[in-house]
Amino acid sequence: MKILLVATKAPWPPIDGGRLLLRHTLEGLAAAGVRPTLVAPIDPERFDPAAVAAALEPWCEPLLVRQRPAGPLATLVRAALRREPLSIARHSRAVVRREVARLVAARRFDLVHAEQLQAVPQTAPAHRRGLPLVLRAQNVESALWAAAGRGRLGATEAARLAVWEGQAVAGAAATLALSEEDAASLRALARGGGRVLTVPAPFPASLPAGPAPLPGAPAVVVLGSRGWLPNRDAAAWFLAEIWPAVRRLLPAAQLHLFGPGPERPRGPGLDGPPGVAWHEAPADSAAAFARGSLHAVPLRIGSGVRMKVLEAWARGVPVVGTPQGLAGLAAADGRELLVAHGAEEFAAALARLHREPALADALVRGGRALLARRHDPGRVARQLIDVYEAVLGSV
């Protein structure tokens, strides 16, 4: 089976949820005997293209196109001229489309897989060649913007994305959602068009814990990318409201912010809240999952599935999160994790896990059982291959 996979970013190093998802997908497909050709842009000022390609080589044929991401002004101009959503304009890559056109002209592929809505425009040359499209929607993009509520700009972006998502789903041979909740939303956007299926995110049930402990009694970890609005909002809320409540209950606790906004305060007298340590995104994600730490997911805007929750379970770290942050996991409060609805409840849940190690251990066991049952990479790869085969059988 010849799969051309077009992505918005290379899945190595796996420093965010989207990269982590694609990395485990490629690894699972390779183990099942399917080795896609991957086309993705890469920023050569941030990552070494040769090193990234070498890391991906065991799982796919990586064709990484060097290009820096578009800046805010260029994105605004492009979106205005083309009357398209900002997130589509931001990820528009003519060089990626040209590479896709070159490949489909020179080789035979069975289908094209677009990883995220923003990758769909780059698959246009494959469409023109008649290749069926499989779209994996990591999130419902319009729902994220609608929930963010950023005034007229947010409402306009949400409305434009809803149209784009509906059209993309209706035009794809199959669309894959990570959760039943997202699948239902995508079906509604497509107004009955297209075929939407749920295929869980792949993840191994057990991974080593972090190599070194993190300071704090307990150490509380919040992860996220500065470039994603829901993560910036979550970190700001945690610092402003949840962390003071945690410190009242656990004076020796220390918060470790890995990669998320807001940025660390700079300048004389700007040390930030007490008990807070800022970290860059680690080269090895295990560093953020030290044994004995607690994983906090304070998202107030959510869609898709939080890959870092899956990693926390695999590495033996218990999880507390909001309903929005834990949606789509098919997990239950008190069985695999603890759900908190506000700042005080969030702080109380973290304190409970610190004071009840037996509960923390039980939640980790429940999470790992759920990983083995629902997210096993081999089983998920088989589901994905079944979708590919069904699409090819209907052409």
Side-chain angles (χ1 to χ4, degrees), residues 17 21 139-140 143-144 147 177-185 198 200-201 203-207 209 218-224 230-231 233-235 237-238 241-250 253 255 260 288-289 291-376:
L21 171 62
N139 303 288
V140 181
L144 290 174
L178 299 180
S179 69
E180 293 294 344
E181 296 94 325
D182 282 3
S185 296
T198 301
F203 211 92
S206 181
L207 291 172
V220 178
V221 173
V222 173
L223 294 166
N231 284 338
D233 172 80
W237 178 50
F238 197 94
E241 299 186 31
I242 300 174
W243 188 238
V246 172
R247 292 279 287 188
R248 286 194 293 271
L249 295 174
L250 301 167
L255 172 62
F289 296 95
R291 185 173 286 104
S293 63
L294 305 177
H295 185 67
V297 188
L299 286 171
R300 298 187 290 184
I301 306 164
S303 179
V305 167
R306 305 281 69 76
M307 295 296 293
K308 294 301 185 180
V309 172
L310 306 185
E311 185 168 3
W313 286 334
R315 296 195 186 278
V317 175
V319 176
V320 178
T322 59
Q324 299 94 321
L326 304 175
L329 288 167
D333 184 24
R335 189 180 65 197
E336 292 95 3
L337 41 70
L338 294 183
V339 180
H341 293 83
E344 296 294 335
E345 191 173 326
F346 209 118
L350 289 169
R352 184 183 176 197
L353 284 181
H354 177 59
R355 293 165 179 163
E356 300 179 32
L359 172 62
D361 290 343
L363 296 181
V364 168
R365 287 196 300 273
R368 284 177 162 171
L370 181 59
L371 288 175
R373 185 170 65 250
R374 180 177 172 82
H375 298 278
D376 174 70

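Excluded from the calculations below are hydrogen atoms, water molecules and symmetry mates; all remaining heavy atoms, backbone and side chain alike, are included. In what follows, residues are counted from 1 in the order of the sequence shown.
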Grab the two heavy atoms, one from [X] and one from [Y], that are nearest each other, plus how far apart they are.
X: Ala349; Y: Leu338; value: O-CD1, 3.9 Å
X: Trp237; Y: Ala343; value: CZ2-N, 4.0 Å
X: Ser293; Y: Val221; value: CB-CG2, 4.4 Å
X: Ala340; Y: Pro323; value: O-CD, 3.4 Å
X: Ala201; Y: Met307; value: CB-SD, 3.5 Å
X: Leu223; Y: Ala288; value: CD2-CB, 3.6 Å

**Message:** Using a 6.0 Å cut-off, check whether atom CZ of Arg291 has over 12 heavy atoms from anything other than its own residue.
**Reply:**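 Atom CZ in Arg291 is not packed in, count stays at 12 or less.
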Looking at [atom1] of [X] and [atom2] of [Y], how far apart are the two atoms once the value is rounded to the nearest 0.5 Å?
X: Phe346; Y: Trp243; atom1: CZ; atom2: CH2; value: 11.5 Å
X: Phe203; Y: Lys308; atom1: CZ; atom2: NZ; value: 7.5 Å
X: Leu178; Y: Asn139; atom1: CG; atom2: CG; value: 7.5 Å
X: Glu241; Y: Glu344; atom1: CD; atom2: CD; value: 9.5 Å
X: Leu294; Y: Leu255; atom1: CG; atom2: CG; value: 11.0 Å
X: His375; Y: Trp313; atom1: NE2; atom2: CH2; value: 6.5 Å

**Message:** Treating Arg315 as the side-chain partner and Leu207 as the backbone partner, does any N or O pair qualify as donor plus acceptor under 3.5 Å?
**Reply:**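 It does not hold such a pair.
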**Asked** Counting distance only, does the side-chain N/O of Thr322 pair as donor-acceptor with the main-chain N or O of Arg300 below 3.5 Å?
**Response**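 Answer holds: no.
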Donor-acceptor contacts under 3.5 Å from residues 327-337 side chains, at least two apart:
| unit_1 | atom_1 | unit_2 | atom_2 | d |
| --- | --- | --- | --- | --- |
| Asp333 | OD1 | Val339 | N | 3.0 |
| Glu336 | OE1 | Ala332 | N | 2.7 |

**Asked** With a 4.5 Å limit on heavy-atom distance, are the side chains of Pro298 and Val222 in contact?
**Response**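 They are in side-chain contact.
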**Message:** Quick check: do Leu310 and Leu371 have side-chain heavy atoms less than 4.5 Å from each other?
**Reply:**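 Of all side-chain heavy-atom pairs linking Leu371 with Leu310, at least one is under 4.5 Å.
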**Message:** Between Glu311 and Arg306, does any side-chain N to carboxylate O distance fall below 4.0 Å?
**Reply:**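 No, Glu311 and Arg306 are not salt-bridged.
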Validation: residues 351-366 side-chain donor-acceptor distances under 3.5 Å, sequence neighbours left out:
| unit_1 | atom_1 | unit_2 | atom_2 | d |
| --- | --- | --- | --- | --- |
| Arg352 | NE | Glu356 | OE2 | 3.4 |
| Arg355 | NH2 | Leu249 | O | 2.9 |

**Request:** Look at the rings of His295 and Phe289 and say which category their plane angle falls in: under 30° parallel, 30 to 60° tilted, over 60° perpendicular.
**Result:**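 Judged by the thresholds at 30° and 60°, the geometry between His295 and Phe289 is tilted.
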